[in-house]
Asker: 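A single structure is presented below for examination.
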Amino acid sequence: MARITASVYTSHVPAIGAAIDHGKTHEPYWQPLFAGYEFSKQWLREHMPDVVFLVYNDHATAFSLELIPTFAIGTAARFPIADEGWGPRPVPEVVGHPELASHIAQSVIQDDFDLTIVNRMEVDHGLTVPLSLMCGQPTEWPFKVIPFAVNVVQYPVPSGRRCFALGQAIRRAVERFDEDLNVQIWGTGGMSHQLQGPRAGLINREWDNRFLDRLIDDPAGLAEVPHVEYVREAGSEGIELVMWLIARGAMADVAGGPKPRVAHRFYHVPASNTAVGHLILENAA
Ligand code: DHB
Ligand code: FE
């Protein structure tokens, strides 16, 4: 059967992608940030999955105000890299896993979560920056990717509680897939940031670190935090963090298994307008 072996959490700041693409990772501004991902790249080489279920948000790239799916699962064989205004990032096309994605769609929808099935979609920095942070600059991505887009851009957005429950349904779905596959689930976006208005540039280190503590030790309690607290404490774009609860809900301890091992934890300010948080949790073998 397929198994979720680990979860990875990381911010997706677009300027990080630009720094990689333009060879700036060793500049003094960027070096401390990329140093925090050196461990992660080595860890990934040693824990290489077959498939990554990548929870991210689209930034009005594939979707727009014309069409706003709350949860959208990518069932295509390939996902081209989007042009977000400066040409597509020079990174490999994303190769999907249509069989596993369709199976998860079937199982999760039967489990009462309404997913939008997407057979054609371009992917933006929300998906490609986490891949670059974890994999560097390969000529092809070393695993298949199931893109899972969550609406955290246009209200109403899903609650943390619903995201956490959805993660549990995704775990059940993966474990019902017959083929032996090593699957990781990644939760991306965040941490505190606000890109517009009088509070633009808001960073809240204390709240972010408490979020990381609770994501590790008290995810069910953390899932009860209402939207208004994310927006007040972590800024308008801090709401991206609800996506981390999908990945956390898919870990074994939530279904009564052993606690995950914290393989890595990292926090850094600033990256562009954003606090960067990163965590790797391993399920027991
Ligand atoms: C920034 C962060 C984001 O999450 C995003 O989607 C766009 C920009 C930023 O910090 O600049
Ligand atoms: Fe974003």
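What you see below is based on every heavy atom in this structure, not just the backbone, and it leaves out hydrogens, waters and symmetry mates. Order of listing sets the numbers, starting from 1, for every ligand and every atom in it.
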Asker: Is the closest heavy-atom distance from A15 to ligand 1 below 4.0 Å?
Answerer: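 Under 4.0 Å: no for A15.
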
Asker: Which label fits W30 and F34: parallel for a plane angle under 30°, tilted from 30 to 60°, or perpendicular past 60°?
Answerer: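 Taking F34 first and then W30, their aromatic rings sit tilted (interplane angle of 30° to 60°).
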
Asker: Which of these, S272, G238, A275, has its nearest heavy atom closest to atom 11 (O) of ligand 1?
Answerer: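 Looking at heavy atoms only, the winner is S272.
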
Asker: For atom 3 (C) of ligand 1, which protein heavy atom lies nearest, and how many Å away is it?
Answerer: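 I find the closest protein heavy atom is H193 NE2, 3.4 Å.
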
Asker: Which residues pass the side-chain contact (heavy atoms from CB on, under 4.5 Å) test with K41, not counting sequence neighbours?
Answerer: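 E38, R45.
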
Asker: Regarding H97 and H103, do their side chains bring together a donor and an acceptor under 3.5 Å, going by distance alone?
Answerer: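 Not at all, the side chains of H97 and H103 share no donor-acceptor pair under 3.5 Å.
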
Asker: Atoms of ligand 1 less than 4.0 Å from P14 heavy atoms?
Answerer: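 In order of numbering, the contacting atoms are 1 (C), 2 (C), 3 (C), 5 (C), 7 (C), 8 (C).
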
Asker: Apply ring pair (Phe, Tyr, Trp, His ring centres under 6.0 Å) to the pair H278 and Y9, showing each step before the final yes or no.
Answerer: CA-CA 5 Å; H278 175 39; Y9 308 82; 8.8 Å; no

Asker: When you check the space around the Fe ion (ligand 2), which protein N, O or S atoms turn up under 2.8 Å?
Answerer: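 Those protein N, O or S atoms (cut-off: under 2.8 Å from the Fe ion (ligand 2)) are H12 NE2, H59 NE2, E240 OE2.
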
Asker: Are any of the heavy atoms in E237 under 4.0 Å away from ligand 1?
Answerer: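 Outside the 4.0 Å threshold, so no.
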
Asker: Among protein heavy atoms, which lies nearest atom 10 (O) of ligand 1, and at what distance?
Answerer: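 Its nearest protein heavy-atom neighbour is T274 OG1, 2.2 Å.
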
Asker: What I want to check is whether the side chains of D124 and T61 have a donor and an acceptor closer together than 3.5 Å.
Answerer: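 Checked: D124/T61 side chains pair up, N/O donor to acceptor below 3.5 Å.
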
Asker: Assigning hydrophobic clusters by single linkage (Ile, Leu, Val, Met, Phe, Trp, Tyr; side-chain heavy-atom cutoff under 4.5 Å), is Y267 placed with L241?
Answerer: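 Y267 and L241: one cluster.
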
Asker: If you apply the rule salt bridge (charged side-chain N to carboxylate O under 4.0 Å, His left out), what do you find for E224 with R161, and how did you get there?
Answerer: CA-CA 6 Å; E224 297 300 320; R161 183 193 303 139; 2.9 Å; yes

Asker: Working note: E282 + T5, criterion side-chain hydrogen bond (donor to acceptor under 3.5 Å, both in side chains); need CA distance, chi angles, decisive distance, verdict.
Answerer: CA-CA 6 Å; E282 290 172 8; T5 54; over 6 Å; no

Asker: Does the side-chain hydrogen bond (donor to acceptor under 3.5 Å, both in side chains) test come out yes or no for S236 and Y230, once each step is laid out?
Answerer: CA-CA 8 Å; S236 51; Y230 287 87; over 6 Å; no

